[in-house]
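Encoded as structure tokens, the structure appears first; notes follow it.
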Amino acid sequence: MAQYKYGQYLRTGDSSAYDTKHPPGSEATNAGIYRCAVCGDEIAIAKGHTLPPQNHHQHAPGLGKIEWQLLVYAQPNS
Ligand SMILES: [Zn+2]
């Protein structure tokens, strides 16, 4: 599970971006931390980079397909 120390630098949001589940090998549409909705594995990725493919992040047989879901949305200072 993702951790943080200084909560004043994080806030909750209700963007629909948090609800979308992305297949392995697809483009990360937002920078941040993504979590596999099935096994809980977490990765950090830059916007436009490729989410880990099937052969990089593997599930045990029977666990189900990999689904990356945005957990923490990294935003530029604006
Ligand atoms: Zn997984």
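In each ligand, atom 1 is the first atom listed, and ligand 1 is the first ligand listed.
Here the shortest heavy-atom pairing between Leu70 and Tyr18 reads O-CD2, 3.5 Å.
Here salt bridge (charged side-chain N to carboxylate O under 4.0 Å, His left out) pairs that include residues 23-48, with residues two or more places apart or in two chains, number zero. Sorted by first then second residue, the salt bridge (charged side-chain N to carboxylate O under 4.0 Å, His left out) pairs that include residues 57-78, not counting sequence neighbours, are Lys65-Glu67.
Applying the side chain to side chain contact (heavy atoms under 4.5 Å, CB included) test between Trp68 and each of Ile45, Ile43, Val38 identifies Ile43 as the sole match.
Residues passing the side-chain contact (heavy atoms from CB on, under 4.5 Å) test with Thr20 are His22, sequence neighbours excluded.
At a cut-off of 2.8 Å, measuring from the Zn ion (ligand 1), the protein N, O or S atoms that fall short of it are Cys36 SG, Cys39 SG, His57 NE2, His59 NE2, waters left aside.
Put simply, the side chain of Cys36 reaches to within 4.5 Å of the side chain of His57, judged on heavy atoms.
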